[in-house]
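All chains are named by letter (A, B, ...) in the order of the sequence lines, taking the proteins before the strands, and each is independently numbered beginning at 1. As a basis for the values below, the full set of heavy atoms in this structure was taken, side chains included, without hydrogen atoms, waters or symmetry mates. What you are looking at is a predicted structure, and each value in this text was computed from that prediction instead of being measured.
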There are 2 protein chains.
Amino acid sequence: MKTTLTSKQVALLDFIQEQVRAQGYPPTLREIAARFKFRAVGTVQGYVRALIAKGFLAHEPEHARALCVRQYPGSRFHIPILGQVAAGQPVFAPENYSGSLPCGELVAHPAATFALHVRGDSMIEAGILEGDFVLVQKQATARNADIVVARINNEVTVKRFFMDSAKCIRLVPENKSMAAIIVEPPLDVEVLGKVVGVYRKLR
Amino acid sequence: MKTTLTSKQVALLDFIQEQVRAQGYPPTLREIAARFKFRAVGTVQGYVRALIAKGFLAHEPEHARALCVRQYPGSRFHIPILGQVAAGQPVFAPENYSGSLPCGELVAHPAATFALHVRGDSMIEAGILEGDFVLVQKQATARNADIVVARINNEVTVKRFFMDSAKCIRLVPENKSMAAIIVEPPLDVEVLGKVVGVYRKLR
DNA sequence: CAGTATACCATACATATGTATGGCGTGTCA
DNA sequence: TGACACGCCATACATATGTATGGTATACTG
């Protein structure tokens, strides 16, 4: 049996993984079929069978929506490093790219992930130090206690995110000597993404 | 309506979250019932309804296994324990392999590099936390002030390395509340490698 | 006291969902 | 050529699963 994946198989796997991240649970066979405009569930069945046989998927038989991505076929990806973000500049502008971090399979969705070179020590008690890279998955929302990258008044910072009510967002540093940023309406805050990894190079 | 959770409600939420982490997908109502030894599905229905009303859960109506934890009370992180090195075991024995950390090109010499799942907080002030992975380049020697992985008396630890003289090695934790380990002849210490990277997964 | 929230049980029902089966093509490889 | 992996369609079926309904009981609150 082959052990490599075809591009369609990768696409299926990608979709499943993406759904898990976005929704919190995997899609059903019919949802997958709908996404790829398959008219038959059996088509998806075939794919799933193949992916399981090759070890990239797992599932609980006779259970609904019980798919689980096991491996991710990772060619190596270079994700962009966003360096110093100057005030007033659009965050994702090309000028901000200060290089790329080769990160292989660490990242599930390379296209939706970027790295940020950390300045300052506001998250030091969460073990995020000056000079570390944080891997950030782009998303506009966050859950309580997520560590996020957010833009406030043209500045980009890494903080822990809390939304106490619809009207109040707290961005809390992990550093006893620093105070939380409390944002009230008008909410001029933009969550750029969630920190999904921390990487530090030592020498 | 109240907006706080009872301890049972927290327990339910906790279980759901835990299942998502462990399996990759949420439990069904009946799986939840089984876990808590409820004889009726309706019981779980009640809990889920309450949790949704209070904003801690979301779900897609009439869809199987479509629960999604929205907020988490008290911000707890479930960090999976992959493996531990038991005292007395050879460090590189196959039994100790508890999975693989795909790390692409982050590592200069893959063949000579391994990852270790960190237990304890002896290096917390160097930003290495419990649960982090350290990437270790195999080598038998180290320079002063390198962070190393060393074996002492059948235990493996991460420490900062100092050799003051040919007769005295100090292994210094980065934690004010812990004392340095001073090893004198006979030097039953083996430097397994140097820490060249730290990686932490968040979710 | 009535009203509401919590904490369970029991059962019937509709449907969402995985599974099985059989079909038709294409290509590749020995 | 045959065997096999891939890429799809169509349909029937069993069951896993959410939903609805209606109980019982305790505790708190105004």
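Ring-plane geometry between B:F15 and B:F36 is classed as perpendicular, the angle between the planes exceeding 60 degrees on a 0 to 90 degree scale with a lower cut at 30.
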- Query: For nucleotides 14-20 of chain C, read 5' to 3', which letter fits each nucleotide if B means a protein heavy atom sits under 4.0 Å from the base, S means only the sugar-phosphate is that close, and - means neither?
  - Reply: --SBBBB

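With distances taken from any side-chain atom of B:K8 to the nucleotides C:dA7, D:dC6, D:dA10, the minimum falls on C:dA7. For A:Y47, whose side chain is taken as the heavy atoms from C-beta onward, the closest listed nucleotide among C:dC8, C:dC9, D:dC8 is D:dC8.
The side-chain heavy atoms of A:L67 and B:Y25, taken from C-beta on, include no pair separated by under 4.5 Å. Between A:I147 and A:I128 there is a side-chain heavy-atom pair separated by less than 4.5 Å.
In this structure, B:T6 reaches the C:dA7 phosphate: one of its side-chain N or O atoms is under 4.0 Å from OP1 or OP2. When the side-chain nitrogen and oxygen atoms of A:T43 are compared with OP1 and OP2 of D:dG7, none of them lie within a distance under 4.0 Å.
Residues A:E31 and A:P26 share a closest heavy-atom pair of OE1-O, 4.5 Å.
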Could you give the side-chain donor-acceptor pairs of residues 173-181 of chain A under 3.5 Å, partners two or more places apart or in another chain?
unit_1: A:E174; atom_1: OE2; unit_2: A:R160; atom_2: NE; d: 2.6
unit_1: A:E174; atom_1: OE2; unit_2: A:R160; atom_2: NH2; d: 3.1
unit_1: A:N175; atom_1: OD1; unit_2: A:S177; atom_2: N; d: 3.0
unit_1: A:N175; atom_1: OD1; unit_2: A:S177; atom_2: OG; d: 2.8
unit_1: A:N175; atom_1: ND2; unit_2: A:D121; atom_2: O; d: 2.9

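We find that CZ of B:F38 is positioned 22 Å from P of D:dG23, with the value rounded to whole Å. Atoms CZ (B:F36) and C1' (C:dC9) sit 18 Å apart, rounded to a whole Å. Atom CZ in A:R39 sits about 19 Å away from atom P in D:dG7, given to the nearest Å. The distance from atom NZ of B:K37 to atom P of C:dA7 is 18 Å, rounded to the nearest whole Å.
Using a distance-only test at 3.5 Å, with no hydrogens or angles considered, a donor-acceptor pair links the side chain of B:R65 to the main chain of A:A64.
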